[in-house]
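Computed over heavy atoms, backbone and side chain alike; hydrogens, waters and symmetry mates excluded.
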Amino acid sequence: MLAPLILLALLPIALLLGGQLVGRLRAERAQVEAALAASADTVAARVARELQSSVDALDVLSRSELFQQGRVTALGRLLHGRPRPDWDSLFLLDAGGTPVLDTAATPPSPAMRSVMDGLRAQVVATGRPALSGVGAAGATPAPAVAVALPVRSGERIAYVLGARMGAATFQRLASGSTTGLDDRVCITDAQSRVIADSSGLPQGLVLSHEDPALAFAWHTVPGFGWQVRVAQPMAPLAQARRDAILWALLTQGGALLAGAVLAYAWGRRRGVTGT
């Protein structure tokens, strides 16, 4: 009778420890998810600042008196000076799409001309800055992104001024972990195509929002529609959970077994001695 009584006494303790373990695992998972979400928010804010600084710099150029005076040739000399180190090149189109200036070392590829014309059409239609994405994975190499805005002459849009930026700027932003965890940062355009990724995913790859091998958080880049994903491999987290559960089971099973053995030994001793 003593063995069942000891086991019954130990069972609530085992259940309590099991409940505490489950609660701890849930808390640890929530902590990881919160850290990933905070990191995604931080990186998205950095990307937004980078993009907005380019828009602001282009806006300053667009207000140059050289535009108003029709001195585009003089403006060309200024633009060839590469006003910002993170700009690969600048371009100027008239409102109809005819190239006026381009500081690229080589003529733009057909894919880039298509990007430029799409940006021009969007800028002319909305009167606001526009931002491109990237091409599909495996496409002809091109700058990671182009940004453009209107140049006005009075009330009408006379030109569209734009800058092309390479992937290095955004790769630098993607490579900076903010959690101290083994996280992977990916920056995508509005179509979920990879612009930069700290783990080496190819540019232009369409990133899935579902990946059972990763725990991740998404955050939209404010004002630009891009997204940032910060992820952590599930394997280390799953292994840590398995180790914790196994340790708890061994501890609780050992306690129950030890109680049963002690009860059996004590009962046997009582039977032998008759006391």
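Remark: the backbone N or O of Pro110 is not paired with any side-chain donor or acceptor of Ser114 at under 3.5 angstrom. Listed for the Ser62 side chain is a donor-acceptor partner under 3.5 Å among the backbone atoms of Asp59.
Residues Ser39 and Asp183 come closest through the heavy atom pair OG-OD2, 3.8 Å. Shortest non-hydrogen contact noted between Ala174 and Asp197 is CB-N, 4.3 Å. Listed here is the closest heavy atom pair of Ser54 and Met165: OG-SD, 3.3 Å. Residues Val206 and Arg193 share a closest heavy-atom pair of CG2-CG, 3.9 Å.
Counting heavy atoms from C-beta on, the side chains of Trp226 and Thr188 never come closer than 4.5 Å. Taking the side chain as every heavy atom from C-beta outward, Leu58 and Val147 approach each other to under 4.5 Å. Under the 4.5 Å side-chain criterion, counting only non-hydrogen atoms from C-beta, Val151 is not in contact with Leu61.
The pair Asp117-Arg113 does not meet the salt-bridge criterion, since no charged nitrogen lies less than 4.0 angstrom from a carboxylate oxygen. Between Arg172 and Asp86 there is no salt bridge, since no side-chain nitrogen of the basic residue lies less than 4.0 Å from a carboxylate oxygen of the acidic one.
No side-chain donor-acceptor contact under 3.5 Å links Ser198 and Arg184.
Residue Val100 is grouped with residue Leu90 when hydrophobic side chains (ILVMFWY) are merged at heavy-atom distances under 4.5 angstrom, including chains of intermediate members.
When the options Leu161, Val160, Ile157 are evaluated for a side-chain contact (heavy atoms from CB on, under 4.5 Å) with Pro150, the one that passes is Ile157.
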